[in-house]
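Take a look at the structure set out below.
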Amino acid sequence: MSASPAAAFPAFDVSKHDRTDALTIVGLTVAYRVRGRDRDVLQDVSFRVRRGESYGLVGESGCGKSTVAMAVLRYLPRNGRVKAGRMSIAGQDVASLDAAALRELRANAISIVYQDPSRALNPSLTIARQVAEAFEVSGATYDEAMRRTLEMLRRVRIAAPERVMESYPHELSGGMQQRVVIAMALASNPALLILDEPTTGLDATVEAEVLDLIAQLRSEYGTAVLFISHNLAVIGKMCERVGVLYAGKLVEEGATSDVFTRPRHPYTVGLLRCLPSPGRSKDTDRLDTIAGSLPPPGSSARGCIYADRCRLADERCRRDAPPPHRMSAPHGDQMSRCHYHERATELPRTSSNASARAAQAPLAAPTPGHAERVLRADRVSKTFHASGSTVYAVDTVSLELAAGETLGLVGESGSGKTTLAKMLLGLIAPDEGGVLELDGSPLASRVTRRNDEQVKSLQIVFQNPDSALNRAHSVKWLIGRALSRLTSLRGLAREERLASLAAAVRLPDRYLSARTRQLSGGLKQRVAIARAFAGDPRVVVCDEPTSALDVSVQAAILNLLVDLQREHRVSYVFISHDLHVVRYLSDRIAVLYVGRLLEIGPAAAVFEGPHHPYTEALLSAVPTLDAHATIAGRPRIQLEGEPPSPAAPPSGCVFHTRCPRKIGAICEQQDPPTSDAGHGHQIRCHIPIDELRSLQRRA
C-alpha cells in the first residue's frame, strides 16, 4: 500500500514550512468529471518550492503538469475539482480564500507565463497599455504605471523600449513577445512565478536569452519558480530540484543533478535515454524509446502505474503499488516510487547494443556533386515586395543534396530556412537567375508547373500535424487520398500499399478508422509521415517535425525517420531549432543568417569546429543536462541586439553588427569570401580558417 503523504514527505510540517515556502502542495488529488464519472488526473501529489528556488516539473504530455499549475491558481475548468489535498502560496491556504482574496493573491503573489506569448497578449492593445495595466492593478497611477513599464521593459533587456511600447504584439518577434509577457508577470514582484513551457518554439539564442533573463530576475527579486517543461536540458540548466510526474503521480523527486546523474525510477531513466545528447548520431547510436503510452485518465492500476511500460516489472510490481522510497543522495534526499529503485539504471534497452549497431550501419551517402546527387539549388534568391519595402528573404544560396542524405538547416527565426524549403517544394517561386534541379533535370519554379513524378518526389512533413491533417476524416481516408493523388494504384493494390505504409510508420491497424482528433501528437505525426511517403518521394522536407513532441515521442519519430531513410534511400531537408536533434539526424548542416548561407559542411565538422562566429554563438547557446556545460563545450556567447531586418541588411558581412569576433572595417565594407576548411566544410568569413580554429580552441 502507498504511504500517506505525511509519511512519504515527513518534511511537510505545515506549521514549520508554510511560512517559509513560496509553494507547498500536500496530497493533491484532482479529478475531471467526464461522462458522469470522476477521472483522477492527479493522485496524492506532494512537493514544495522554497523561496528563491527554481523547481522543475517534467513528464510526458497528459501526465498532469499543467493541471498542477491550474489547480494552484484555482483555474481548473468547470468539470475539474480538487478532491483532496492542501495548497498554500506564501503561507496562504489557496482553498480557503474568498473571491476577493483570491483576486488579491493572483494580482500580487503569483504570476504565470504560458507557452505561446502571442495568445497571452491582446492583439488590439499596444504593449505599453498591456504592461501598464499590470501596474495599475496594484494601485499605480497612469503616469506612474507608464514610467514603471519603461523601466521593466529595460530590465527584461528589450532594445529601444520606447518604440516597443508603441508597438502591437504582431509587430514583435516571438522572443520579444515572451520578454513582454515576463515583464507583465514580474510587475507585481510575485512570490511565485509559474513558467509553463516558456521556451518551446524559440530559437536557441532567444531561448538562452530568455533563460538568462529568468535566472537574473529570480536572483534580483528572490522569486520562486515552478518551471514546467518537457525539455530536460532546460530543466537541468534552470532548476535546483526536479519532480517527475507520470500518469498523475510524482514518481521521482530530488536535486536535479542527482536525478539526472543517477535516476532512481525506470521512467526517468527512459526519458533520459530518449535524448539525442551531444556526440550521438544516427550512424553510431540508436535512440532508446519508451514502449506503450500513458494510461487513460482515471484508469486504476492495482500495482505500479508504470508496470505495463517498464522492462523491470515483475508480478510484485503488478500486484503492489510501490511506496515512496526515500534515500540519501549527494545533494539531498531523493524519492522514488519504485520497488527496484536501486536497479533503475540497469533497465534493459529497447534493443541490444549489438543489434543496434548492426541496424545502424552507415548509409555512406555519396559526396554531393557526384552521380547520386538528387537535388541541386544554385544561387537561388527570393525577394518580397511589401508596403513599399524590399525584403531579401533568401540571398544567392547554393546547396546540393545526395541520395539518402540529411541536410540540416539551422538559424534564427527570419533567417530564411522555411522560405528556402518552400522554394525547393515549388510553393514559392525563386527570383530569376537561380537554378533548381532534380536528378540533374531542370525543376520548374512552381509546383503547378511540375510533372506528376516531380510533385511526388518532393514532399513535406509540417511542424504541427493538427494544422496539416483534416480533423473531419479518418486516418485511412487521409493516407488513401494521398495515394490516389500521387500514385496510379487502385483497388486491392491501393489497400495493400496503405497497409504497408501504416506498418512502415509503426501505426497500428486499430487507428486507421480513427479521426485525427482522437490520436496523440506522436500518432498524428506518424500519419503525416505516412502521407508524405505515399508516393515514394526522393526528398522530404521536415519542418520542425518534433519540436512540439515529448522526448519519448520525439525519439520514436527520429528512429522512424532514420529507418525510412535506410529502407527507401530518401533524402531529408531537416529544419529545426533543436541543435541536439539536428546533430543526431543530419549528415551535413547548413547555417543561414538573414537569408545568407554562412556555413555548410559535414555535421561533425560544423559542430566540432572551426565554426563561423555565428555558428559558434548558436552552439554555445544550447543547454545540456549538465547545468554548467553547453553543446559546444565552451562558455556561452551572448549576441547583442536583434538580427537585422531582411528589408535593410547590413553592408559587408551581414553578421558584423552582432559579431563578437569582428576584426575591423573590412567586415563592414566587404562581403566575406567562402573559405574551405576541408572535407566540404565551407565558412563564409573574413577571418582565416586557421585563425578561427585557434581563437575557438582558446575560448
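- Using a 4.5 Å heavy-atom threshold, the side chains of P169 and I127 count as touching.
- A 4.5 Å side-chain heavy-atom check between Q554 and D578 finds at least one atom pair inside the cut-off.
- For the residue pair P613 and R661, the shortest heavy atom distance occurs at CG-CB, 4.3 Å.
- Using a 4.5 Å heavy-atom threshold, the side chains of R379 and V435 count as separate.
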- [ ] Give the intermediate values and the outcome of salt bridge (charged side-chain N to carboxylate O under 4.0 Å, His left out) for residues D543 and K417.
- [x] CA-CA 9 Å; D543 192 355; K417 304 185 299 295; over 6 Å; no
- [ ] Evaluate the salt bridge (charged side-chain N to carboxylate O under 4.0 Å, His left out) criterion for residues E453 and K456: first the C-alpha distance (whole Å), next the side-chain angles of each, then the deciding distance (0.1 Å), finally the verdict.
- [x] CA-CA 5 Å; E453 190 64 30; K456 74 178 186 179; 3.6 Å; yes
- [ ] Decide yes or no on side chain to side chain contact (heavy atoms under 4.5 Å, CB included) for L625 and S277, but give the supporting numbers first.
- [x] CA-CA 9 Å; L625 289 176; S277 53; over 6 Å; no
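- Considering CG of L436 and CG of L375, their distance stands at 7.0 Å, rounded to 0.5 Å.
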TODO: Could you walk me through whether D563 and R566 pass salt bridge (charged side-chain N to carboxylate O under 4.0 Å, His left out), step by step?
DONE: CA-CA 5 Å; D563 292 342; R566 294 179 185 282; 5.5 Å; no
Task: Residues K237, D212; criterion salt bridge (charged side-chain N to carboxylate O under 4.0 Å, His left out); working and verdict - done: CA-CA 10 Å; K237 175 179 179 178; D212 287 348; 3.6 Å; yes
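- Here C274 contributes atom SG and L558 contributes atom CG; the two are 10.0 Å apart, rounded to the nearest 0.5 Å.
- Taking each heavy atom of P276 and Y584 in turn, the nearest pair found is CB-CB, 3.7 Å.
- Interatomic distance, L523 CG to R506 CZ, rounded to the nearest 0.5 Å: 13.5 Å.
- Aromatic ring pairs are classed by plane angle as parallel below 30°, tilted from 30° to 60° and perpendicular above 60°; the pair Y593 and F655 is perpendicular.
- Taking the side chain as every heavy atom from C-beta outward, M423 and L420 approach each other to under 4.5 Å.
- Side chains of L598 and V654 form a contact here, defined as non-hydrogen atoms less than 4.5 Å apart.
- A donor-acceptor pair under 3.5 Å links the side-chain atoms of D550 to the main chain of S61, judged by distance alone.
- Side-chain contact check for D587 versus D283: some heavy-atom pair is nearer than 4.5 Å.
- Using modelled atom types, no side-chain atom of T487 and backbone atom of G535 make a donor-acceptor pair closer than 3.5 Å.
- The shortest non-hydrogen separation linking I529 to V505 is CG2-CG1, 4.0 Å.
- Listed here is the closest heavy atom pair of T396 and S381: N-OG, 2.7 Å.
- Atom CG of residue D203 and atom CD of residue E412 lie 5.5 Å apart, to the nearest 0.5 angstrom.
- Counting only heavy atoms from C-beta outward, the side chains of E207 and P623 approach each other to under 4.5 Å.
- Q463 and S547 form a side-chain donor-acceptor contact under 3.5 Å, judged by distance and modelled atom types alone.
- Looking only at atom types and distance, the side chain of E599 has a donor-acceptor partner in the side chain of H681 under 3.5 Å away.
- Taking CG from L695 and CZ from R693, the interatomic distance works out to 11.5 Å, rounded to the nearest 0.5 Å.
- With E668 contributing its side chain and H656 its backbone, the two residues share no donor-acceptor pair below 3.5 Å.
- The CD atom of E437 lies 9.0 Å from the CD atom of E400; values are rounded to the nearest 0.5 Å.
- Looking at heavy atoms from C-beta onward, V541 lies out of side-chain contact with L458 at the 4.5 angstrom threshold.
- Of all heavy-atom pairs between H686 and I663, the closest is CB-CD1, 4.0 Å.
- Nearest approach of P430 to S445, heavy atoms of both residues: CD-CB, 3.6 Å.
- Within a 6.0 Å radius of OH in Y392, other residues, nucleotides and ligands contribute 12 heavy atoms or fewer.
- Around the CD atom of E567, the shell of radius 6.0 Å holds more than 12 heavy atoms that belong to other residues, nucleotides or ligands.
- Within a 6.0 Å radius of CG in D378, more than 12 heavy atoms belonging to other residues, nucleotides or ligands are found.
- Counting non-hydrogen atoms of other residues, nucleotides and ligands closer than 6.0 Å to NZ of K422 gives a total of 12 or fewer.
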